[in-house]
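I have placed the structure first, in the form of structure tokens, so that the comments after it can refer back to it.
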Number of protein chains: 2
Amino acid sequence: MISNAIIRRLPRYRRYLGQLQRQGVQKISSNELSALIGFTASQIRQDFNTFDNFGQQGYGYSVDYLYSEINKILGLDREYKTVLVGVGNMGQAITNYNYYYKVGFNIIGLFDSNPKLIGNTINDVVIKDVSELEDFVKENGIDVGIICVGRNNAQEVADMLVNAGVSGIWNFAPIDLEVPDTVALESVHLSDSLHTLAFKIKTNEESKK
Amino acid sequence: MISNAIIRRLPRYRRYLGQLQRQGVQKISSNELSALIGFTASQIRQDFNTFDNFGQQGYGYSVDYLYSEINKILGLDREYKTVLVGVGNMGQAITNYNYYYKVGFNIIGLFDSNPKLIGNTINDVVIKDVSELEDFVKENGIDVGIICVGRNNAQEVADMLVNAGVSGIWNFAPIDLEVPDTVALESVHLSDSLHTLAFKIKTNEESKK
DNA sequence: GGTGTAATGTGTAGGTATTAACAGGATATT
DNA sequence: AATATCCTGTTAATACCTACACATTACACC
């Protein structure tokens with residue numbers, strides 16, 4: 001069982017390795033990576049070795065190899081059929097973000113309950129009525145549902161997605177959803193993040209005194 | 001010095017206490033809170049006692065009092081003058097989100113470099129050219145800058161904000177910004193979150209076998 | 001007003017996570 | 001081919017975080 005602390009670091013490793021790859025860097029040592037990312041070299045080596053021995057003594061790590069291995073570990077070596085529910089401001093932003101930074105989560109269905117939105121298209125995907133959600137998910141073997149509806153409807157939408165058989169939910173509503181533990185859940189709590197910022201500002205100001 | 005683990009839990013306490021308050025609940029015990037939030041009762045008591053003794057033995061915690069104390073701890077008992085840079089999809093979504101869930105971060109300036117956007121208004125705030133950013137921040141005593149520009153311009157914008165004297169930055173660009181440690185930084189890495197989801201899905205599927 | 005009960009505050013133990021230290025293997029250089 | 005250097009993999013130590021357990025205090029009820 002991989003610890004949560006490591007899981008949270010993996011995407012960051014991936015991010016930097018992707019950058020290095022784009023820059024054409026071939027090899028990197030844990031020390032160099034440390035200077036770049038900010039984790040200690042020791043931690044970096046520990047993290048990698050929880051999975052496998054990716055490096056070579058006296059040489060370092062091959063950027064290409066490490067990058068592709070981390071992609072495999074993260075499960076980014078495949079496509080995820082995805083739907084998004086709630087095409088408001090946030091939903092549209094996520095749709096376009098996802099379209100722009102293409103990373104294997106293909107949004108092939110958009111759903112909303114607002115009649116004004118239904119029928120419109122974003123990036124060639126038609127917005128359907130949310131009543132069609134469950135059938136669509138079942139028929140198309142959807143893997144992931146993105147929830148961008150408000151606080152009050154989020155659990156309901158999550159239940160639909162779970163019933164229809166998705167394996168993961170990416171949630172932007174500001175509540176903690178209840179899903180069976182066979183379904184992966186990852187929530188982005190924007191307000192929590194903002195409040196953390198407020199706390200940091202306050203702490204900084206106090207330490208100035 | 002408050003540990004990072006606690007800081008990350010504080011907004012969550014706040015979220016649940018706000019909910020309880022809206023429901024008219026007056027008092028709550030650490031056990032009841034535990035059942036609700038999912039942290040152990042012991043941890044909840046420990047967390048609160050790092051700050052002060054908020055509870056009363058034999059009674060529990062007053063929801064109203066605890067909520068207001070946590071708000072103070074988080075620095076949410078004041079207003080933050082805020083600007084947002086990069087009024088693309090994400091920027092607009094955040095602007096409206098913020099407007100909707102009002103929490104003391106008042107966006108009074110919007111900035112972009114796209115001539116098509118400059119001059120438009122969102123929630124009565126005019127979008128200005130990014131060249132006016134620094135002066136605006138200085139003249140209006142802006143506390144917080146929200147960065148919603150792309151990867152390539154984010155650091156540049158951050159530098160401007162820092163130069164102009166903000167005390168905090170909320171960053172949505174997918175890079176780790178460099179700011180002096182007098183400036184609070186909180187980043188929302190959407191792709192990191194999505195990759196974490198991918199990992200969880202993969203792990204779930206493997207455990208099924 | 002006395003007594004039982006509920007629930008906090010806190011000292012301590014146990015468990016995780018991070019950092020440090022070093023042994024050993026691979027590379028490069030002469 | 002021998003040797004010095006580099007850098008990993010891994011063990012050991014430290015620091016941090018979480019959970020347990022219980023003494024203590026306030027409340028409520030008779």
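Each chain gets a letter, A, B and so on, in the order the sequences are listed, and its residues count up from 1.
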Check: Tell me the ring pair (Phe, Tyr, Trp, His ring centres under 6.0 Å) pairs involving residues 186-205 of chain A, sequence neighbours left out?
Finding: none

Checklist line | Rounded distance (Å) that lies between atom C1' of dT11(D) and atom CZ of Arg45(A) | finding: 12 Å

Check: Relative to each other, are the rings of Tyr80(B) and Phe105(B) parallel, tilted or perpendicular (30° and 60° limits)?
Finding: parallel

Check: Side chains of Glu79(A) and Asn106(A): do they bring a donor and an acceptor to under 3.5 Å?
Finding: yes

Note to self: Let's see if you get this right: which residues in residues 25-38 of chain B place a heavy atom under 4.0 Å from DNA chain C?
What the structure shows: Ser29(B), Ser30(B)

Check: Can you tell me how far C1' of dT10(D) sits from CZ of Phe51(A), to the nearest Å?
Finding: 17 Å

Next item on the list: Would you indicate which nucleotide in dA19(D), dG9(C), dT10(D) comes nearest to any side-chain atom of Thr40(B)?
Entry: dA19(D)

Margin query: Applying salt bridge (charged side-chain N to carboxylate O under 4.0 Å, His left out) as the test, list every pair that has at least one member in residues 179-203 of chain A; sequence neighbours left out.
Written below: Arg8(A)-Glu186(A), Glu186(A)-Lys200(B), Asp192(A)-Arg15(B), Lys200(A)-Glu186(B), Lys202(A)-Glu206(A)

Margin query: If I take atom OH in residue Tyr65(B) and atom P in nucleotide dT8(C), what distance separates them, rounded to the nearest angstrom?
Written below: 15 Å

Check: Going through the checks in order, is the salt bridge (charged side-chain N to carboxylate O under 4.0 Å, His left out) test met by Arg78(B) and Glu205(A)?
Finding: CA-CA 13 Å; Arg78(B) 51 164 288 202; Glu205(A) 279 172 4; 3.5 Å; yes

Note to self: Can you pull out every salt bridge (charged side-chain N to carboxylate O under 4.0 Å, His left out) where at least one residue sits in residues 43-61 of chain A? Sequence neighbours excluded, please.
What the structure shows: Arg9(A)-Asp47(A)

Next item on the list: Identify which nucleotide among dA21(C), dA19(D), dT8(C) has an atom closest to any side-chain atom of Tyr61(B), counting heavy atoms from C-beta outward.
Entry: dT8(C)

Checklist line | Atom-to-atom span, CD1 of Ile7(A) to C1' of dT16(C) - whole angstrom | finding: 14 Å

Check: Any side-chain heavy atom of Gln21(B) sitting closer than 4.5 Å to one from Asp64(B)?
Finding: yes

Next item on the list: In whole angstrom, give the distance that lies between atom CG of Asp52(A) and atom P of dG9(D).
Entry: 9 Å

Next item on the list: Starting at atom CZ of Phe54(A), determine the distance to atom P of dG9(D), rounded to an integer number of angstrom.
Entry: 9 Å

Notebook entry, point to check: Quick one: does Ile142(A)'s side chain get under 4.5 Å of Thr82(A)'s, heavy atoms only?
Noted result: no

Notebook entry, point to check: Can you name the nearest heavy-atom pair linking Thr196(B) to Pro11(A), along with the distance?
Noted result: OG1-CG, 3.8 Å

Note to self: Protein within reach of the bases, or only the backbone? For nucleotides 25-30 of chain C, mark each nucleotide 5' to 3' as B, S or -, using heavy atoms under 4.0 Å.
What the structure shows: BSS---

Next item on the list: Pick base, sugar-phosphate or nothing for Asn53(A), based on heavy-atom distances below 4.0 Å to the nucleic acid.
Entry: sugar-phosphate

Item checked: Distance in angstrom units between Met1(A) CE and dG15(C) C1', rounded -> 16 Å

Notebook entry, point to check: dA17(C) P sits how many Å from Asp47(A) CG, rounded?
Noted result: 11 Å

Checklist line | Side chains of Gln155(A) and Asp159(A), donor plus acceptor under 3.5 Å | finding: yes

Next item on the list: Treat primed atoms plus P, OP1 and OP2 as sugar-phosphate and everything else as base, then score nucleotides 12-17 of chain D 5' to 3': B for base contact with protein heavy atoms under 4.0 Å, S for sugar-phosphate contact only, - for none.
Entry: B----S

Next item on the list: To the nearest 0.5 Å, tell me how far Asn140(A) CG sits from Ile108(A) CD1.
Entry: 5.0 Å

